[in-house]
Structures are given as C-alpha cells and as structure tokens.
Amino acid sequence: MASFGRRGVVAPPSRASFQSVAAPAAPAVMRDDDEFASESSLFRDNKFLSDIPFLTIGLIFCLMVIFALQRSLAVDIGRDGSLDVRSLIAQGASGYDLVVGKNEWWRIGLAPLLHGSQWHLIGNCVALFIVGVRLESLIGRGWFSLIFVASALAGEAGSLLGNGSGTVGVGASGAITGLIAALFVASFEPEADAETTMSRLKTSLFFGVPALLPLAFGASGNVNYYAHAGGAVAGAALAITPWIAFWSYDSLPRSAGMVLLGGFVGSLICAGFAAVHYRSYMADAGQYIRASEMPAGTREMAGRSADFVNRYPKDPRAHLFRAIYFAEQNSLSAAEAEVQTAMSLAASDVAGGPVRSVARALLAQLLLARGRTTEAKAMAAEVCRAKLGDVRRLLEQSKLCG
C-alpha cells in the first residue's frame with residue numbers, strides 16, 4: 001500500500017512505501033552523485049538532524065529580516081505598529097488595480113514576503129513554525145519548498161480574483177495555508193498510528209478552519225481569505241499528487257528541491273522592479289494622511305477634518321472626515337458634497353476600496369436623512385452585498401439593507 005511514510009518507520013521490502021527523506025539543508029548546487037548521496041544519507045540516518053525543521057526556521061528568519069527592512073524603509077508607522085499603506089504599496093504590496101490595472105506583475109513575487117505589522121508577522125510565523133515542525137520531516141524539504149512557493153503564488157491569484165479594486169494586500173498566509181492544507185492531506189498516510197494522525201489533523205484544523213471558514217459567510221475585514229483559499233487549493237493538490245501518481249517523496253525529481261531557490265531568485269528580480277518604482281510611489285505617499293496621524297475616533301476625525309483637507313486635499317479620507325463634521329453640524333448639503341468628493345478621489349486610488357464603501361454608506365445615511373429613501377437604498381445596495389461588518393450593521397439599523 002502506498003503511503004507518505006513517517007520518520008523512524010521502515011517499510012517491509014515487499015511493499016511500496018512513500019517514506020519521507022529530508023533534503024540537504026545546504027543550498028542545492030550541482031555536485032557528483034557520491035557527494036549528494038552522502039549528504040542525503042547524513043540527514044536520513046541521523047534522526048536528530050532529520051527532525052529539525054531547518055527550512056521552516058530559515059523561512060521564519062527570512063520573513064523577520066524582510067520585515068525589519070520594511071520598517072526601516074517605511075514612510076510612517078501607525079500607533080498600533082502597522083506600516084503605512086503607502087509604504088506597503090511602494091515596497092511591493094499587490095492588488096487588482098496595481099497588478100492588472102498598472103501591469104505591475106512583479107508584485108506577485110514580493111507581496112507574500114511582506115507583512116503589514118509586527119502582529120501580522122508574529123501570527124504567520126507562529127502558524128508556520130507549528131505546521132512546519134509536523135510537515136517538513138514528513139514530506140521532505142524539497143516537496144515542502146514546492147508547496148510553499150506554489151501556494152504563495154496561488155494565494156496571490158486567489159486574492160486578485162476574489163478581492164475587488166481598491167484593495168491591497170501583503171502576507172505569507174496564502175503560502176502557510178497551503179502548508180496547512182498539505183498537512184491535512186498528509187495526515188491520512190496509512191502507516192501513521194492513530195495518535196499521530198489525530199495530532200496532525202488537530203493542528204491542520206486548528207489553523208485551517210479559521211483561515212477558510214469565513215469565506216462561507218462572506219469574507220470581510222482586513223484578512224485576505226481569498227489568498228487563503230488559493231493557497232489551500234494548491235497545497236492540497238500538491239500533497240495528494242504522490243498518492244495519485246504513485247510517487248514516493250524520496251524519488252521526486254531533484255528540481256523540486258530547487259523550487260525554493262528559484263522562488264528566492266524570482267523574488268530578487270521582483271525586488272529590482274520594486275526599486276525602480278520605489279521613488280515615485282514614495283513621492284505619492286506624501287499626498288496622503290500618514291498612519292501615525294490617523295484619528296482614533298469619530299470625534300477626532302471631525303475635529304481635525306479642516307486641517308486634513310487643507311494639508312491633504314487629494315486624500316479621500318480627509319474629505320470623508322470633513323463630511324462627518326458637517327453631518328454632526330447638521331449641514332447635510334455640505335456633508336453630501338464632501339462625501340461625493342471623497343468617492344471621486346477614492347475611485348482613482350489603488351487603496352481606496354475601504355474609503356469608497358464607507359463613503360457610500362455615509363451618503364446613503366445622508367440621503368435617507370433628507371427624505372430620499374429610494375436613492376439611499378440604491379446607494380447602500382453595494383455595501384450591503386459586500387457584508388462589510390460594522391458598516392453593514394449601521395445600514396441595517398437604518399433599514400437600508402434587505
């Protein structure tokens with residue numbers, strides 16, 4: 001019976017076994033067969049070395065170094081430690097308007113390596129480590145590399161297809177969700193005992209369910225669930241391939257172990273494109289409210305709105321804040337004019353999607369207050385369909401949804 005195999009179990013010679021063999025930790029380079037066999041034997045025969053997730057640890061280290069570089073290059077950092085969205089765009093964040101609209105396909109190779117805040121990074125690294133400890137020794141470093149890179153790219157594809165315009169994203173969660181899905185599939189290898197199988201299943205479900213389940217109820221918030229879905233599909237497909245094709249991981253082509261190196265080189269090339277565009281995007285960042293200046297609440301938004309409009313006339317958020325101020329003053333016509341300006345500016349902003357949604361909701365409220373109920377419901381319809389959490393609840397309270 002074919003199986004993925006597990007460390008420390010030797011299959012009887014009379015049956016095929018998908019026994020996992022860890023690839024060398026050193027960079028894959030051209031060498032003679034004797035040298036390659038010797039190093040492979042070192043990792044295969046030394047249980048201590050074979051069980052250490054060198055690749056997982058290396059990936060985490062690389063993500064931490066990249067984030068440190070992001071912070072040093074960021075135009076601003078928010079009060080909560082999140083990087084300014086304009087900095088993320090300059091550094092390589094992806095989004096439909098950027099990748100497809102501006103034909104900047106190089107972003108696909110960078111966005112999975114970037115993170116928006118230290119908490120974003122920590123959450124992904126914790127998941128990567130826990131899953132990697134269980135999966136890397138099971139399927140081998142070569143196949144682990146292939147799943148990570150392929151899931152990262154598939155996650156970007158899912159993000160571009162699922163998210164609307166005006167949305168930008170970063171993060172390795174697509175790649176990590178692919179590893180989670182691979183662990184789920186690999187949990188069913190026949191030679192594992194019940195305890196091992198349940199441990200793998202619990203780990204994959206613990207991370208996989210919250211990463212994917214919200215899609216069934218309409219994805220919302222700042223989590224890129226479409227990237228998770230794309231990564232999961234790729235990871236599960238690659239993990240089940242050896243079962244379908246009757247391969248064993250130790251007989252996979254050596255090119256599988258070169259995938260991570262290829263992905264690294266590809267990301268360096270993409271970083272070169274980012275460097276070419278960096279200056280222009282950072283210059284554009286000066287036209288928008290900095291992350292550290294963002295108001296903490298509605299009262300602060302209204303109180304500082306005049307200053308924001310004066311300093312950042314091209315930022316749709318400044319006009320949205322000004323509209324809130326006029327609405328509080330019961331100057332509905334002035335508020336409506338500011339909302340219209342915010343919507344117009346957000347329409348041409350690659351990161352303007354969230355502002356457009358909030359502006360439409362506010363305009364619907366203003367129209368309702370002026371007795372234009374039919375127009376208000378038409379304006380709210382798109383936001384209601386999007387199921388955008390607090391914004392939708394506000395519209396539901398005004399009976400503009402449904």
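Because the structure is a prediction, the values reported are computed rather than measured.
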Answer yes or no: are there more than 12 heavy-atom neighbours, outside [X] itself, under 6.0 Å from its atom [atom1]?
X: M282; atom1: CE; result: yes
X: R79; atom1: CZ; result: yes
X: Y96; atom1: OH; result: no

Yes or no on side chain to side chain contact (heavy atoms under 4.5 Å, CB included) for V339 and H319, after CA distance, side-chain angles and deciding distance?
CA-CA 7 Å; V339 172; H319 294 277; over 6 Å; no
Kindly indicate whether the side chain of [X], heavy atoms from C-beta on, has any atom under 4.5 Å from the side chain of [Y].
X: I180; Y: F184; result: no
X: L63; Y: V65; result: no
X: I57; Y: F54; result: no
X: V350; Y: K102; result: yes
X: L88; Y: V168; result: no
X: E300; Y: M294; result: no
X: Y225; Y: L212; result: no
X: L114; Y: I66; result: yes

What distance separates [X] [atom1] from [Y] [atom2], expressed to the nearest 0.5 Å?
X: L128; Y: I176; atom1: CG; atom2: CD1; answer: 5.0 Å
X: S333; Y: R370; atom1: OG; atom2: CZ; answer: 3.5 Å
X: R356; Y: L320; atom1: CZ; atom2: CG; answer: 13.0 Å
X: Y278; Y: L73; atom1: OH; atom2: CG; answer: 4.5 Å
X: R107; Y: I89; atom1: CZ; atom2: CD1; answer: 7.0 Å
X: F321; Y: I324; atom1: CZ; atom2: CD1; answer: 6.5 Å

Can any side-chain N or O of [X] pair as donor or acceptor with the backbone N or O of [Y] at less than 3.5 Å?
X: D76; Y: A291; result: yes
X: D97; Y: G166; result: yes
X: S72; Y: L69; result: yes
X: E136; Y: L55; result: yes
X: S280; Y: H277; result: yes
X: E156; Y: S94; result: no
X: S159; Y: G155; result: no
X: R134; Y: I130; result: yes
X: T341; Y: A337; result: yes
X: S204; Y: R200; result: yes

Restricting to non-hydrogen atoms, name the atom on [X] and the atom on [Y] that form the minimum distance, rounded to 0.1 Å.
X: Y312; Y: Y288; answer: CE2-O, 3.4 Å
X: S151; Y: G178; answer: OG-CA, 3.3 Å
X: M343; Y: R360; answer: CE-CG, 3.7 Å
X: R322; Y: S305; answer: NH1-OG, 3.1 Å
X: G352; Y: A346; answer: O-CB, 3.7 Å
X: A152; Y: P112; answer: CB-CB, 4.0 Å

Where do Q287 and D284 land on the side chain to side chain contact (heavy atoms under 4.5 Å, CB included) test, with the steps shown first?
CA-CA 6 Å; Q287 301 181 52; D284 182 65; 3.4 Å; yes
Please determine whether salt bridge (Lys or Arg N to Asp or Glu O under 4.0 Å) holds for the pair D349 and R86, giving the CA-CA distance in whole Å, both sets of side-chain angles, and the decisive distance to 0.1 Å.
CA-CA 11 Å; D349 183 5; R86 304 296 157 177; 2.8 Å; yes
Checking side chain to side chain donor-acceptor pair (under 3.5 Å) for the pair Q70/S87: CA distance, chi angles, key distance, verdict?
CA-CA 8 Å; Q70 284 184 257; S87 297; over 6 Å; no
What donor-acceptor contacts under 3.5 angstrom involve side-chain atoms of residues 259-274, with partners at least two apart or in another chain?
from: S267; atom 1: OG; to: G109; atom 2: O; distance (Å): 3.0
from: S267; atom 1: OG; to: G263; atom 2: O; distance (Å): 3.0

Should [X] and [Y] count as an ion pair when the cut-off is N to O under 4.0 Å?
X: E382; Y: K377; value: no
X: R372; Y: E336; value: yes
X: D315; Y: R317; value: yes

Which residue pairs pass the side chain to side chain donor-acceptor pair (under 3.5 Å) test with at least one member in residues 166-175, sequence neighbours excluded?
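Matches after skipping sequence neighbours: S173-H228.
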Give the intermediate values and the outcome of side chain to side chain contact (heavy atoms under 4.5 Å, CB included) for residues F207 and L183.
CA-CA 11 Å; F207 290 106; L183 179 61; over 6 Å; no
As a test of understanding, state which of L113, L110, V170, L83 forms a side chain to side chain contact (heavy atoms under 4.5 Å, CB included) with Q91.
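Testing each of L113, L110, V170, L83 against Q91, the sole residue satisfying side chain to side chain contact (heavy atoms under 4.5 Å, CB included) is L83.
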Verdict with reasoning, I108 to L160, per side chain to side chain contact (heavy atoms under 4.5 Å, CB included):
CA-CA 10 Å; I108 291 176; L160 294 178; 4.2 Å; yes
